[in-house]
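One structure below.
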Amino acid sequence: MENEPLLMLPGPVPMPERVRYAMMQQAMNHRSAAFGAVYADCVKTLKTTFGTTNDLVILSGSGTAAMEAAVANFGKGKQIASLVNGKFGDRLCKIGALYGTSHEVASEWGTPLNLDLLAEKLENGAEVVTLVHNETSAGIKNPAVEVGKLARKHDALFIMDGITSIGGDLVEADKWGVDIALVGSQKCLAAPAGLAAVSVSERAWGRIAEQRPFYLDLAAYRKNAAKTPMETPYTPAVPLFLALREACAIIEEEGLPHRIARHARMAEAVRAAVGAWGLSLFPTLDQYHAYSNTVTAGRIPDGMTDDDLRGPVKKMGIIIAGGQDHLKGKIFRIGSMGAVSAPEILATLAAVQYALKKHGLAVGDGVGAAAEVLG
């Protein structure tokens, strides 16, 4: 392990050896029963992590491909209310503008969403709502339940990006009224980057656009997934499917409730460390919003640069994230998702604490505070 960096990012995340080894086999016919079984195994576990009984298909593409597939298939030519309080909400808003009329419901990054303004947009005819459930750019978890209620009240389709929450936090897509939910493989699932899954409700299928993308036509994915054996409409990234199946097997072995509890405990430990250091967490919360359970965003202390903080940590072989766009140099982010637990968390916090002290800051014992949570 000494030559492998420890990725403590909000994705990609460290992969278990058995997930990596799963890709090291001979090529497989993607029209075979063997591949169909791999696909079916992945879908079975993913439906549990999504909290859905709806159709679920897997795309060979990143989470952004799933974002675009959702909007292009169900938002084309429609009025779209896009909730934005971070980079990925902004990305969904920009995708919406390519396919429909996008109405940005904006808040400062890391601050509560404006649900009153969302209600106003829906009353004025918005037909689709987009939400990032867990906004990793700011370390904030957004209120999917409340958004789902508003969408249903106004008979709008609800597209939810669960890319960094599904598999690591509680997601109940059906119960929350989510019509289209998304996940990426390299986040909480702890699989390689390059796959994305999309679940679609029967309600949404009834409103699919007549003119759809060719490669990202979700109706084509649904048709092929219904075959025996299961197939994708176009050549899939077979080695990634094999790795995803192994990652799904690990989820089954751990048990989803235990996995969710582990993620929550790790995030709580990181927050405890930030508090013990005397630093501030970045997000601003209200009764509907919460700190993310898969990534923690803290403010970089005054007089300290991003390189001052993350540089010494990187020299120790641990990679944490900085801020994105206008938050560069202002915040740092520590991922706590996927196949990591107490050893990785404590090692990361020890490295950050060293960097803070090296800069001359009189910080408290964040490592000890985290250990109390993890112990």
Side-chain angles (χ1 to χ4, degrees), residues 1 4 6-25 28 33-54 56-58 63 134 162-174 181-197 199 225 229-230 236-270 292-295 335-348 373-375:
M1 288 290 292
E4 292 185 355
L6 175 59
L7 299 179
M8 297 300 287
L9 302 166
V13 302
M15 292 184 292
E17 284 192 354
R18 58 190 274 197
V19 172
R20 290 186 281 177
Y21 290 155
M23 294 184 280
M24 297 172 60
Q25 62 175 277
M28 176 186 292
F35 177 76
V38 172
Y39 194 171
D41 287 344
C42 293
V43 167
K44 175 179 175 291
T45 300
L46 289 174
K47 282 190 175 187
T48 300
T49 65
F50 277 62
T52 189
T53 59
N54 292 330
L56 187 146
V57 299
I58 301 176
N134 186 69
I163 288 172
T164 58
S165 59
I166 291 172
D169 204 344
L170 178 65
V171 173
E172 296 179 308
D174 291 356
L182 327 170
V183 78
S185 54
Q186 80 278 21
K187 307 290 187 176
C188 301
L189 303 179
L195 295 179
S199 70
M230 290 183 74
V238 174
L240 301 185
F241 272 80
L242 295 170
L244 178 60
R245 178 172 66 172
E246 199 63 33
C248 285
I250 291 172
I251 293 173
E252 295 281 358
E253 291 163 14
E254 182 176 11
L256 188 59
H258 290 288
R259 190 180 187 89
I260 291 170
R262 173 171 58 83
H263 278 77
R265 188 170 62 254
M266 291 192 298
E268 183 185 353
V270 178
S292 168
N293 276 333
T294 63
V295 61
S336 52
M337 61 176 69
V340 297
S341 55
E344 292 84 4
I345 293 291
L346 292 174
T348 302
V373 173
L374 294 169

- [ ] Could you tell me the separation between the CD atom of E253 and the SG atom of C248, rounded to the nearest 0.5 Å?
- [x] 11.0 Å

- [ ] Report the C-alpha separation of L374 and R265 in whole Å, then their side-chain angles, then the decisive distance to 0.1 Å, and conclude whether the side chain to side chain contact (heavy atoms under 4.5 Å, CB included) test is met.
- [x] CA-CA 7 Å; L374 294 169; R265 188 170 62 254; 4.2 Å; yes

TODO: Check the pair F35, L242 against side chain to side chain contact (heavy atoms under 4.5 Å, CB included), reporting the backbone distance first and the verdict last.
DONE: CA-CA 9 Å; F35 177 76; L242 295 170; over 6 Å; no

Open item on the list: Can you give me the closest heavy-atom contact between N54 and T52, atom names plus distance?
Closed with: N-OG1, 2.9 Å

Task: Working for side chain to side chain contact (heavy atoms under 4.5 Å, CB included), residues V295 and T164 - done: CA-CA 9 Å; V295 61; T164 58; over 6 Å; no

Task: Any donor-acceptor pair under 3.5 Å from Y39 side chain to I58 backbone - done: yes

Open item on the list: I'd like to know if the side chain of R262 and the backbone of G168 have a donor-acceptor N/O pair within less than 3.5 Å.
Closed with: no

TODO: Check for a donor-acceptor pair, side chain of R259 on one end and backbone N or O of C188 on the other, with a separation under 3.5 Å.
DONE: yes

- [ ] Please tell me if the side chains of T49 and V171 come closer than 4.5 Å, counting only heavy atoms from C-beta onward.
- [x] no

Open item on the list: If I take atom CD from residue E252 and atom OG1 from residue T45, how far apart are they, to the nearest 0.5 angstrom?
Closed with: 3.5 Å

Task: Minimum-distance pair of heavy atoms, taken over all atoms of F50 and A197 - done: CZ-O, 3.8 Å

Open item on the list: Tell me the closest heavy-atom pair linking G162 and V183, and the distance in Å.
Closed with: O-CG2, 3.8 Å

TODO: For the residue pair M337 and P10, establish whether any side-chain heavy-atom pair is separated by less than 4.5 Å.
DONE: yes

Open item on the list: Show the nearest heavy-atom pair for residues A339 and P14, with the distance to one decimal.
Closed with: CB-O, 3.9 Å

Open item on the list: So, taking the atom named CD1 in I166 and the one named CG in L189, what distance separates them when rounded to the nearest 0.5 Å?
Closed with: 8.0 Å

Open item on the list: Testing the basics here: between P16 and I250, what is the closest heavy-atom pair and its distance to 0.1 Å?
Closed with: CG-CD1, 3.8 Å

Task: Check: V340 and V13 side chains under 4.5 Å, non-hydrogen atoms - done: no

Task: Considering all heavy atoms, the nearest V19-A190 contact - done: CG1-O, 4.0 Å

Open item on the list: Determine whether a donor-acceptor pair (N or O, by modelled atom type, separation under 3.5 Å) exists between the side chain of D174 and the backbone of T53.
Closed with: yes

Task: S165 side chain near N293 side chain, heavy-atom distance below 4.5 Å - done: no

- [ ] Check whether any side-chain heavy atom of M230 sits under 4.5 Å from a side-chain heavy atom of V43, and report yes or no.
- [x] yes

Task: Euclidean distance, L244 CG relative to M23 CE, rounded to 0.5 Å - done: 11.0 Å

- [ ] Check for a donor-acceptor pair, side chain of S199 on one end and backbone N or O of L56 on the other, with a separation under 3.5 Å.
- [x] no

- [ ] Could you check if a side-chain atom of L7 sits within less than 4.5 angstrom of a side-chain atom of P12, using non-hydrogen atoms only?
- [x] yes

Task: Rounded distance [0.5 Å steps], OG1 in T294 versus CG in D169 - done: 7.0 Å

TODO: State, with a plain yes or no, whether a side-chain heavy atom of E344 is found less than 4.5 Å away from one of M266.
DONE: no

- [ ] Report yes if some heavy atom in the side chain of I345 is under 4.5 Å from a heavy atom in the side chain of S336; otherwise report no.
- [x] yes

